[in-house]
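As the structure lists them, so they are numbered: ligands from 1, and atoms in each ligand from 1. Predicted model, so just to flag it, every value in this text is computed and none were measured.
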Amino acid sequence: MTVKTILTEPNKLLRQISAPVQKVGKEERRLMDDMLETMYSANGIGLAAIQIGVPKRIIVMDISKDNEKKTPMYFVNPVIKHHDKLKATYEEGCLSVPNQFAEIDRPSKCEVEYLDYDGNKKTLKAEGLLATCIQHEMDHLEGILFIDYLSKLKKSMIIKKLSKNKSNRIVV
Ligand code: GNR
Ligand code: NI
């Protein structure tokens with residue numbers, strides 16, 4: 001398994017729409033292993049393939065707490081079948097938008113259909129942080145970042161900060 005570099009905003013690749021996977025084979029499993037390793041090493045709870053520059057509809061997640069057993073989850077070609085009308089608010093962050101956080105409203109529950117690590121079709125009913133995280137990751141597959149839900153002013157301030165940090169080669 002290899003730790004890959006996580007792309008950060010502003011980066012055009014993060015805006016690309018990811019393509020469905022034809023088959024969950026060796027190459028896809030290797031990608032999922034690398035994604036999980038990369039996510040753990042960055043202390044994230046989720047990662048979409050595009051965040052390491054691969055435009056495939058693949059997500060890995062692990063929302064277990066530090067003192068709990070690791071529970072990696074793999075989602076290939078995820079589709080949201082239902083989502084709740086009721087919204088929930090979470091303070092979100094993103095490994096591709098380093099050190100920036102904002103409260104985002106999303107449907108509080110959702111049902112997702114996907115292929116698992118072995119290519120088997122599964123459905124999962126999610127709520128709480130799991131539901132929020134799945135929706136955050138699925139946005140990445142469409143080239144959407146959580147800052148896109150903020151006001152133009154807040155969003156542009158964040159992008160400005162990130163660009164500055166990039167040109168200085170420092171992370172604040
Ligand atoms: O590590 C992450 N934490 C997080 C917290 C609240 C809502 C969403 C997330 S996902 C984020 C990792 C990431 O950027 N995934 O794309
Ligand atoms: Ni993210």
Side-chain angles (χ1 to χ4, degrees), residues 1-19 21 28 31-80 83-84 86-110 112 114 117 124-150 154-155 157-159 161-163 165-166 171-172:
M1 290 199 253
T2 317
V3 174
K4 304 283 186 181
T5 303
I6 297 175
L7 305 178
T8 59
E9 180 78 345
N11 186 315
K12 271 194 188 149
L13 264 173
L14 290 171
R15 300 312 189 162
Q16 199 169 313
I17 294 175
S18 296
V21 169
E28 285 71 29
L31 173 62
M32 289 190 265
D33 293 343
D34 289 349
M35 286 169 64
L36 198 72
E37 183 99 337
T38 305
M39 181 191 80
Y40 284 142
S41 89
N43 289 315
I45 58 171
L47 193 78
I50 193 63
Q51 293 180 274
I52 57 166
V54 181
K56 290 186 181 182
R57 301 186 83 81
I58 298 180
I59 291 164
V60 298
M61 285 175 38
D62 188 339
I63 60 161
S64 64
K65 303 206 178 76
D66 289 343
N67 59 340
E68 292 171 354
K69 195 166 161 261
K70 283 185 178 171
T71 8
M73 302 172 91
Y74 308 90
F75 302 86
V76 177
N77 297 343
V79 177
I80 293 191
H83 61 240
D84 223 87
L86 187 73
K87 300 284 200 291
T89 309
Y90 269 91
E91 178 159 76
E92 297 196 17
C94 180
L95 295 172
S96 296
V97 188
N99 305 308
Q100 309 300 317
F101 303 90
E103 294 206 327
I104 306 291
D105 288 345
R106 298 185 189 271
S108 65
K109 296 180 187 179
C110 62
V112 197
Y114 61 98
Y117 191 83
L124 176 74
K125 284 183 180 163
E127 56 180 77
L129 180 62
L130 182 62
T132 294
C133 193
I134 288 175
Q135 294 174 74
H136 171 114
E137 302 312 335
M138 287 187 65
D139 271 356
H140 279 298
L141 307 183
E142 301 301 320
I144 298 168
L145 300 173
F146 80 90
I147 53 171
D148 299 347
Y149 299 112
L150 304 176
K154 277 189 185 163
K155 181 179 167 179
M157 286 197 313
I158 288 175
I159 292 175
K161 248 191 248 174
L162 294 176
S163 311
N165 295 348
K166 264 191 177 177
V171 183
V172 178

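Remark: ligand 1 and E92 share no N or O pair separated by less than 3.5 Å (distance only, no angle test). Residue contacts with ligand 1: H140 is placed with a nitrogen or oxygen under 3.5 Å of a nitrogen or oxygen of the ligand (distance criterion only).
Distances below 4.0 Å separate heavy atoms of C94 from the following atoms of ligand 1: 14 (O). The distance from ligand 1 to the heavy atoms of G93 drops below 4.0 Å at these ligand atoms: 4 (C), 5 (C), 6 (C), 8 (C), 9 (C), 10 (S), 11 (C). Interface of G44 with ligand 1, defined as ligand atoms under 4.0 Å from a residue heavy atom, comprises 1 (O). Numbered from 1 in the order shown, with element, the atoms of ligand 1 that lie under 4.0 Å from a heavy atom of E91 read 6 (C). Every atom of ligand 1 is numbered from 1 in the order shown, and the set under 4.0 Å from a heavy atom of E137 is 10 (S), 13 (C), 15 (N), 16 (O).
Restricting H140 to its N, O or S atoms, the one at the least distance from the Ni ion (ligand 2) is NE2.
D33 and Y117 share a side-chain donor-acceptor pair at under 3.5 Å.
Every heavy atom of M39 sits 4.0 Å or more from the atoms of ligand 1.
Between D62, I45, I6, I134, it is I45 that holds the heavy atom closest to atom 4 (C) of ligand 1.
Counting heavy atoms under 4.0 Å from ligand 1, residue H136 touches it through the side chain alone.
Rounded to the nearest 0.5 angstrom, L95 CG and T8 OG1 are separated by 10.5 Å.
Geometry at the Ni ion (ligand 2): NE2/H136 and SG/C94 form an angle of 110°, nearest 10 degrees.
Applying the 6.0 Å contact sphere to NZ of K155 captures more than 12 heavy atoms from other residues, nucleotides or ligands. Atom CG of D66 has 12 or fewer neighbouring heavy atoms from other residues, nucleotides or ligands inside a 6.0 Å radius. Atom CD of E127 sits in a sparse spot, with 12 or fewer heavy atoms from other residues, nucleotides or ligands closer than 6.0 Å.
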